[in-house]
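Worksheet: one structure, shown below.
Numbering of ligands and ligand atoms starts at 1, following listing order. The shown structure was predicted, so the numbers you read here are calculated from the model rather than taken from an experiment.
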Amino acid sequence: MSRDALGEVVAELGERPYRARQLFEWLYQRRARDLDALSDLPRGLRSSLAERFSLRWPEIAERSLSFDGTRKYLFRLDGGATIESVYIPESDRRTICISTQAGCPLKCSFCLTGVAGYQRSLKTWEILGQVAAVMEDNPAAATHPDRRDEDPFPWNVVVMGMGEPLLNYEATASALRILMDPKGFALPPRKLTVSTVGILPALEKLAREDTPPNLAISLHAPDPGLRRALMPIEEKYPMADVLAAALAYPTPRGGRVTLEYVLLRGVNDTPAHARELARRLGRRRFKVNLIPLNPAPEIPFQAPRPGDVDAFAAVLVDAGVTVSVRRPRGQDILAACGQLHLKGPTPGSAVHA
Ligand code: SAH
């Protein structure tokens with residue numbers, strides 16, 4: 001529930017408005033697990049709340065641990081849909097990758113999420129609950145035992161899991177507002193990144209939010225023809241329009257929008273593709289994140305050769321484009337980009353109940 005929704009509930013119960021603020025903090029800052037824990041609320045209010053609402057987050061059904069420290073979480077939702085979230089510890093930060101839909105309707109040809117089908121969009125609480133559960137499961141003391149301070153490394157949240165966030169705009173945007181609320185999860189907007197193929201009407205709405213998060217655009221091809229072959233959505237939202245909307249997007253602190261580019265061997269990873277991409281981007285303020293394909297048997301593409309990744313990056317750098325290469329994390333447990341899917345646990349992975 002948003003601040004406004006809590007305000008309405010409190011008003012209906014004949015309580016003063018500050019009770020809504022207390023409730024908001026209990027839910028999203030202290031993340032109480034039980035209405036009984038709300039110790040500074042009158043008992044009467046707690047029991048009227050308990051009659052009408054339940055306080056719960058989605059349950060973690062399974063955890064898989066990668067050799068590189070990445071953890072994948074499987075949540076089983078009401079109605080039986082399953083979604084996955086990923087926890088990615090790094091030396092100086094930790095990142096949670098969350099899902100916004102169970103499956104994905106977009107059917108990009110290189111992404112296992114789309115290949116495995118689509119069930120439904122998630123509710124706000126199911127999106128937020130992934131962050132709450134993963135944070136609770138990875139307290140600072142457990143992940144960095146040598147660091148005694150409260151929160152040694154900042155959290156980042158990336159909306160890059162299953163689904164297309166901008167096809168589930170309302171639930172995603174209200175989750176983002178609570179994640180960024182200083183009295184909620186209190187994540188700075190620049191620590192929050194939404195990745196999208198560029199659903200234009202929703203992207204324009206996101207740009208008009210009071211505090212827009214960082215933006216990453218899934219581009220994956222240097223020209224519309226190749227993009228259409230890989231990503232059916234190009235038909236509806238052409239890359240020229242998506243790039244124009246991305247350039248106009250108000251990033252936190254005026255940072256650059258990221259363009260994600262999955263490298264597929266022999267398909268979009270040659271120096272000619274890189275030159276075409278550089279030409280299209282020109283001197284415009286983007287940064288490009290190259291993602292070597294994370295392969296899977298169901299995906300009809302191969303990972304690029306390491307030398308080709310370097311050569312591709314070098315062409316962009318020479319042309320003055322800012323480039324980074326994404327290191328795969330959690331590939332062994334199918335937790336890397338494009339590997340989350342609707343099936344249950346991965347056979348053979350280390351599963352800790
Ligand atoms: N639907 C949104 C959110 C998912 S983000 C979007 O497409 O942006 C997941 C990122 O991983 C996207 O950039 C996606 O294109 C990329 N990806 C998908 N399949 C991949 C694969 N097999 N290997 C590497 N990256 C992949």
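Of the protein's non-hydrogen atoms, Cys337 CB, 3.5 Å is the one closest to atom 11 (O) of ligand 1. Considering only non-hydrogen protein atoms, atom 12 (C) of ligand 1 sits nearest to Ser218 OG, 3.3 Å. The single protein non-hydrogen atom nearest to atom 9 (C) of ligand 1 is Met160 O, 3.4 Å, given as residue, atom name and distance. Nearest to atom 18 (C) of ligand 1 among the protein's heavy atoms is Gly338 CA, 3.4 Å.
Under the 4.0 angstrom criterion for non-hydrogen atoms, Pro328 is not in contact with ligand 1. Heavy atoms of Gly163 come nearer than 4.0 angstrom to ligand 1 in at least one pair. Contact between His220 and ligand 1 is present, with at least one heavy atom of the residue lying under 4.0 Å from the ligand.
Here Glu235 pairs with Arg228 in a salt bridge; the nearest charged N to carboxylate O distance falls below 4.0 Å.
For the residue pair Asp68 / Thr70, a side-chain donor-acceptor distance below 3.5 Å is found, with atom types taken as modelled. Ser324 and Asn289 share a donor-acceptor pair across their side chains, judged by distance under 3.5 Å alone. A side-chain donor-acceptor contact under 3.5 Å links Tyr73 and Asp137.
Val158 and Tyr169 sit in two unconnected hydrophobic clusters of ILVMFWY residues. Membership requires side-chain heavy atoms under 4.5 Å apart, directly or through other members. Under the 4.5 Å side-chain heavy-atom criterion for ILVMFWY residues, no single connected hydrophobic cluster contains both Leu122 and Tyr118.
The shortest N/O to N/O separation between Asn294 and ligand 1 falls below 3.5 Å.
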